[in-house]
Structure formats: structure tokens, C-alpha cells
Protein chains: 2
Amino acid sequence: MPAYRGAMRFSKDSSAGYLVNDLARRFAAALQARIKPLGLSTGVFPVMVQLWEDDGLTQTELVRRIGVEQATMANTLARMQRDGLIARRRSKADGRVQEIRLTDRGKSLRGPAIDAALAVNDTALSSLSPEEREQFLGLMGKIIRTFDDGEGAAADD
Amino acid sequence: MPAYRGAMRFSKDSSAGYLVNDLARRFAAALQARIKPLGLSTGVFPVMVQLWEDDGLTQTELVRRIGVEQATMANTLARMQRDGLIARRRSKADGRVQEIRLTDRGKSLRGPAIDAALAVNDTALSSLSPEEREQFLGLMGKIIRTFDDGEGAAADD
DNA sequence: GGCATATACATAGCTAGCTATTATATTGCT
DNA sequence: AGCAATATAATAGCTAGCTATGTATATGCC
């Protein structure tokens, strides 16, 4: 019996972090299964979504929009280029910057890929009522905002 | 304008999968920040939780309880051993099996580590009312069960 | 013009997950 | 007893995230 008070109980089934992590893996696996046949993977998907909206973005802008680290994005883009999803071209206005453009193949995947993502969400939430789905999305948004708020301000204990 | 119907709209802010993935990364980062000083990391945490409950489990049993792939567990355990959290001893009853036991250091981390996890959950959910927290956990449980149900039965389209 | 600083991106090296394969020990059947 | 089948764990090799650091181009100031 450890001396710490309150630390005795830790049930994974009532730990938000535990469940969120579990859920994320399941969502990822489900999406993976549906988009792998298209030649896509989960890490690539958010980038494609942005490029389908606005082709020709820079790496920095993708990083800003997707919220992943720059190094992560650099590696993801390298794989995407290797796999023929994008092409990169140095800007002549600024030699540091690269415009990232979808290849024709990349463009062509928009419809089926988004359908796949929608299907995953729909299947996953199939046991929830419309109100519950709203609740779920709303609560997640609220939690994400909480994380964002406590970002610069180190409101420790 | 692609020909696919329904594929036009895809807002990440209303995609459960997108948000869950985002949330998982934030939870993991928050936990990491709190347990790294203890010499723990996120992947190790679930294993420690099980061993704090039942020391001496086998790899197979940990895999079963945590729901991660056997290869993932093997690697995690290797790091844990390297870092002095566990020791492994071959069972003399069955030479294939290893009993996994916490070191004294591993045992000693229980209190502070669980406190850290509880604090992360509490902070993350701080903007939710008690009812909302219940809802959130309940909805996640429901979704996880949905995933579990559609596991063997390929109820495709 | 030249140098310090800042910006954009790449690289190295880590954890953590995955699939697929291999190695080793046990069990079961004949 | 011997061999096939099974069970346990390890290894190889991939994606995807992270931190820290390196490299190249721009920009600002003197």
C-alpha cells in the first residue's frame, strides 16, 4: 500500500486520456484500411485535405494549418513526393520556400479519399444518436480549446 | 469540381476521427511532460499500470490486457528493461514464457505517476461539468464498443 | 557591401504504433 | 521417441509523431 493519497484508484476505463488514445488508434486503423488501397496513409491525409482546398501551399503554411511539427511535416512531404502524390518547386521570389502542388494522381484521389473518411466517421458513430454525435464533437472541441488556452500561460498547480 | 457526390464537404472540425487524433496527441504531450521527469514515457505507462496491479505478468497477458500488438509490446518491454523499470525472468514451468517484474524503482513510481495521469485528465476536462465528463467518457465507451462489435463480422456496405 | 539575425526547410535520432517474419520452446499425436 | 503443430517472444522494416540541430536563403543594420 503506497503512501500516496488518491493514487490508489486508476481505472483505464474512466481515464479520458486512456480512452482517447485507444480511440485514436482505432480510428487510425479504420481509416488506414480504407485509404491504403488508394495509396494513402493516415499521416498524409490531413495534408491532402489542405492541398485539395488550396493547392500550392508552402510547408510552413501546412505546418500552421495542421498543427504538426515542422520536422514531421518535412518527413511526411518527403514520403508524399516519393509516392507521387505531390511535387515541390522552389519559389523564385524566395529561394527558401517551396510550393507544394498535387500531382494529377494526388488530385484524383480527393473524392474516394474523402468518402472513405466520411464512412469511417459514420461507422464509428453509428451507435450514437444525432444529438449524441453533436455532443461528442462539441465536447471534443471544448477540450481542445482548453488545451489551447493553457498553452502559453503556465498555470501550474 | 469532382464528380463524387458528398465528397465536397470535409471539415476537420466536424470529423470525429480528425478531432480524436488531435486530442490524443495533446493528451499524450501533456502526460509526457508530467511523467518524463519520473523517467517514464507514454507507451510505458499502460504497462506500468498493469504491473502495479499485478506484478509478474507475462508478455502475452500484457498484450491481451492493453490491446497493443505483440511486437509493440516486445519493443516497449525492451526499453523498460533498458531503463531499469522491469526485470524479466524465464519461467521454469514453461521455457517460452517470461515473468515480467517491476524493479524497486518501477514500483516506487506508482504514486507520482498515477497522480500525474489524474492531473492531466483533470486539467484537460476542467472546462466540462461533471455531467459533461460523464457524457464524454460514456460516449467514448460506446464508440469503442462499436469498433469492437464490427471486428470479426465484416459488415461491409 | 558585409555581417548578424531570422526564416524555411532538412536531417539525426528518439518513442510508439503497425505488419510480417523468424527463432525457440512446448505439446500432441502416432 | 520423433515429428508436426502450436505458442511465446524477438526481429526487421515501415509510418508518424517528437526534440534538437544543421543548412541555406533573406533581411536588416552599420
Side-chain angles (χ1 to χ4, degrees), chain A residues 17-18 20-33 35-36 38-48 57-64 66-83 85-86 88-100, chain B residues 17-18 20-33 35-37 39-48 57-64 66-83 85-86 88-100:
Chain A
Y18 215 107
V20 165
N21 178 57
D22 191 285
L23 258 188
R25 275 168 48 219
R26 293 171 190 259
F27 268 101
L31 183 61
Q32 181 81 11
I35 64 180
K36 191 175 179 180
L38 304 174
L40 296 178
S41 61
T42 56
V44 146
F45 194 85
V47 180
M48 299 295 283
L57 293 173
T58 67
Q59 184 179 127
T60 301
E61 179 61 15
L62 284 169
V63 164
R64 194 189 66 71
I66 294 176
V68 89
E69 289 301 319
Q70 176 266 321
T72 300
M73 183 58 68
N75 285 327
T76 301
L77 292 173
R79 288 197 305 276
M80 291 175 75
Q81 184 163 18
R82 179 201 65 191
D83 297 342
L85 295 170
I86 58 166
R88 286 187 277 189
R89 188 178 51 188
R90 293 222 100 89
S91 156
K92 47 193 113 165
D94 185 335
R96 296 167 302 179
V97 171
Q98 297 184 350
E99 286 176 14
I100 295 152
Chain B
Y18 215 106
V20 165
N21 177 57
D22 192 286
L23 258 188
R25 275 169 47 220
R26 293 171 191 257
F27 267 101
L31 184 61
Q32 180 82 10
I35 64 181
K36 191 175 180 180
L40 296 178
S41 61
T42 56
V44 147
F45 194 86
V47 180
M48 299 295 283
L57 293 173
T58 67
Q59 184 178 126
T60 301
E61 179 61 15
L62 284 169
V63 163
R64 195 189 66 72
I66 296 177
V68 87
E69 290 301 320
Q70 176 266 322
T72 300
M73 184 59 68
N75 286 327
T76 301
L77 291 175
R79 288 196 305 277
M80 291 175 74
Q81 184 164 18
R82 178 200 65 191
D83 297 342
L85 295 170
I86 58 166
R88 286 187 276 188
R89 189 178 52 189
R90 292 223 101 87
S91 156
K92 46 193 112 163
D94 185 336
R96 297 166 299 180
V97 172
Q98 298 183 349
E99 287 176 13
I100 295 152

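We use all heavy atoms of the structure for the numbers below, so side chains are in, but hydrogens, waters and symmetry mates are not.
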Looking at residues at least two apart in the chain, or sitting in another chain, which of them share a salt bridge (Lys or Arg N to Asp or Glu O under 4.0 Å) with A:Asp94? A:Arg96

Residue pair A:Thr42/A:Asp94 against DNA chain D: nearer the 5' end by closest nucleotide is A:Thr42

What N/O pairs connect the protein and nucleotides 5-7 of chain D at under 3.5 Å? Give each pair on its own line.
{"residue": "D:dA7", "atom": "O4'", "partner": "B:Arg96", "partner atom": "NH1", "Å": "3.1"}

For A:Thr60, what residues pass the side chain to side chain contact (heavy atoms under 4.5 Å, CB included) criterion, not counting sequence neighbours? A:Thr58

List the residues meeting side chain to side chain contact (heavy atoms under 4.5 Å, CB included) with A:Ala74, not counting sequence neighbours, and say none if there are none. A:Gln59, A:Gln70

Please collect all salt bridge (charged side-chain N to carboxylate O under 4.0 Å, His left out) contacts where either partner lies in residues 20-31 of chain B, sequence neighbours excluded, each pair once. A:Asp148-B:Arg26, B:Asp22-B:Arg26

Measure the distance from CZ on B:Arg79 to P on D:dT11 and round it to the nearest whole Å. 14 Å

Taking A:Thr76 for the side chain and A:Thr72 for the main chain, is one N or O donor matched with an acceptor at less than 3.5 Å? yes

Can you name the salt bridge (Lys or Arg N to Asp or Glu O under 4.0 Å) partners of A:Arg89, sequence neighbours left out? A:Glu99

Sequence neighbours left out, what passes side chain to side chain contact (heavy atoms under 4.5 Å, CB included) with A:Ala71? Give chain and number order. none

Per nearest nucleotide of DNA chain C, the residue lying toward the 5' end, A:Leu77 or A:Asn21, is A:Leu77

Assert: residue with more 5' nearest nucleotide on DNA chain C, out of B:Ala93 and A:Lys36, is A:Lys36

Length of the CD-P vector between B:Glu99 and D:dA9, whole Å: 11 Å

Heavy atoms within less than 4.0 Å of DNA chain D: which residues of residues 66-73 of chain B have one? Give them sorted by number. B:Gln70, B:Ala71

With sequence neighbours excluded, what pairs up with A:Gln98 under the side chain to side chain donor-acceptor pair (under 3.5 Å) test? none

Let me know the distance between CZ of A:Arg90 and P of D:dT23, rounded to the nearest Å. 15 Å

Hey, where on DNA chain C does chain B first and last touch, going 5' to 3'? Cut-off is any atom under 4.0 Å from a heavy atom. C:dT15 to C:dT26

How would you list, by chain and number, every residue that makes a salt bridge (Lys or Arg N to Asp or Glu O under 4.0 Å) with B:Arg64, sequence neighbours excluded? B:Glu61

B:Ala28: what forms a side chain to side chain contact (heavy atoms under 4.5 Å, CB included) with it, not counting sequence neighbours? B:Thr42

Tell me what A:Arg82 touches on the nucleic acid: a base, only sugar-phosphate, or nothing, going by heavy atoms under 4.0 Å. sugar-phosphate

side-chain contact (heavy atoms from CB on, under 4.5 Å) assessment of A:Phe45 paired with A:Ile35: CA-CA 9 Å; A:Phe45 194 85; A:Ile35 64 180; 4.1 Å; yes

